[in-house]
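Below is one structure, written out as structure tokens; the observations come after it.
Since this is a predicted model, take the numbers as computed values, not measurements. All values below were derived from every heavy atom in this structure, side-chain atoms included, with hydrogens, water molecules and symmetry-related copies excluded.
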Amino acid sequence: MKKENFYIGIDIGGTHARITSFSSLKELEFKGTKIITLTHNFENDFNEILKTVKSIRSKDITAIGVGLPGVLNEEKNLLISATNIPEWV
């Protein structure tokens with residue numbers, strides 16, 4: 001039996017984070033987007049995003065994609081500059 005794919009997409013902006021799920025990369029049919037208002041406190045915001053991901057996860061996650069408004073150091077996997085969310089740096 002073939003395992004069904006389950007993807008999570010997270011878009012983090014300056015004031016909100018949007019989290020959605022979908023089952024195909026070819027035909028994006030979003031399963032309902034959750035919107036979180038950011039508090040600009042990294043720990044609180046991260047925990048709220050994590051809680052939301054856990055609440056929409058209905059099966060094993062195949063992959064998660066995250067978009068951030070800033071500059072990422074790819075060698076260290078660190079956000080090094082983010083004008084809209086400087087508290088996250």
Side-chain angles (χ1 to χ4, degrees):
M1 177 181 240
K2 185 179 176 185
K3 179 181 152 189
E4 184 179 340
N5 291 325
F6 186 74
Y7 303 96
I8 301 282
I10 304 171
D11 174 35
I12 300 171
T15 57
H16 296 91
R18 289 166 179 80
I19 303 163
T20 192
S21 63
F22 45 97
S23 57
S24 171
L25 296 177
K26 294 180 182 177
E27 297 178 29
L28 297 181
E29 182 182 329
F30 300 113
K31 308 285 185 195
T33 301
K34 307 282 186 186
I35 299 174
I36 298 168
T37 300
L38 299 178
T39 64
H40 292 275
N41 175 295
F42 174 77
E43 188 173 332
N44 290 343
D45 293 339
F46 182 82
N47 286 331
E48 191 64 30
I49 290 168
L50 184 59
K51 183 171 81 173
T52 303
V53 167
K54 288 179 178 180
S55 77
I56 65 173
R57 185 187 79 184
S58 61
K59 51 192 84 137
D60 289 340
I61 298 170
T62 305
I64 297 177
V66 180
L68 287 164
V71 179
L72 180 69
N73 178 327
E74 291 184 40
E75 291 177 10
K76 295 182 179 181
N77 291 324
L78 291 174
L79 185 63
I80 58 173
S81 172
T83 303
N84 295 336
I85 48 172
E87 305 83 5
W88 283 40
V89 177

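- Panel note: side chain His40, backbone Gly14; a donor-acceptor pair is recorded below 3.5 Å.
- Hydrophobic clustering (ILVMFWY, side-chain heavy atoms < 4.5 Å, transitive): Ile61 and Ile19 are in one cluster.
- No side-chain heavy atom of Asp11 sits under 4.5 Å from any side-chain heavy atom of Thr33.
- The CZ atom of Arg18 sits 13.5 Å away from atom CD1 of Ile10, with the distance rounded to the nearest 0.5 Å.
- Every pair tested for ring-ring contact (aromatic ring centres under 6.0 Å, His included) that includes a residue from residues 47-84 fails, sequence neighbours excluded, so the list is empty.
- Shown here are the ring pair (Phe, Tyr, Trp, His ring centres under 6.0 Å) partners of Tyr7, two or more places apart in sequence or in another chain: Phe22.
- Every residue two or more places apart in sequence or in another chain that forms a side chain to side chain contact (heavy atoms under 4.5 Å, CB included) with Ala17 is listed here: Ile12, Ile36, Leu38, Ile49.
- Sequence neighbours left out, the pairs with a member in residues 41-73 that pass ring-ring contact (aromatic ring centres under 6.0 Å, His included) are Phe42-Phe46, Phe42-Trp88.
- In this view, Thr39 and Asp45 satisfy the side chain to side chain donor-acceptor pair (under 3.5 Å) rule, not counting sequence neighbours.
- Contact detail for Ser21 and Ile56: the closest heavy-atom pair is CB-CD1, 4.2 Å.
- In terms of the salt bridge (charged side-chain N to carboxylate O under 4.0 Å, His left out) criterion, residue partners of Lys51 (sequence neighbours excluded) are, by chain and number, Glu48.
- Take Glu75 and apply the side chain to side chain contact (heavy atoms under 4.5 Å, CB included) test, not counting sequence neighbours, and it matches Asn73.
- Annotation: side chain of Leu68 is in contact with side chain of Ile85 (closest heavy-atom distance under 4.5 Å).
- Partners of Asn84 under the side chain to side chain contact (heavy atoms under 4.5 Å, CB included) rule, at least two apart in sequence or in another chain, are Pro69.
- Taking the side chain to side chain contact (heavy atoms under 4.5 Å, CB included) definition, one finds that Ser81 meets it with Val71, sequence neighbours left out.
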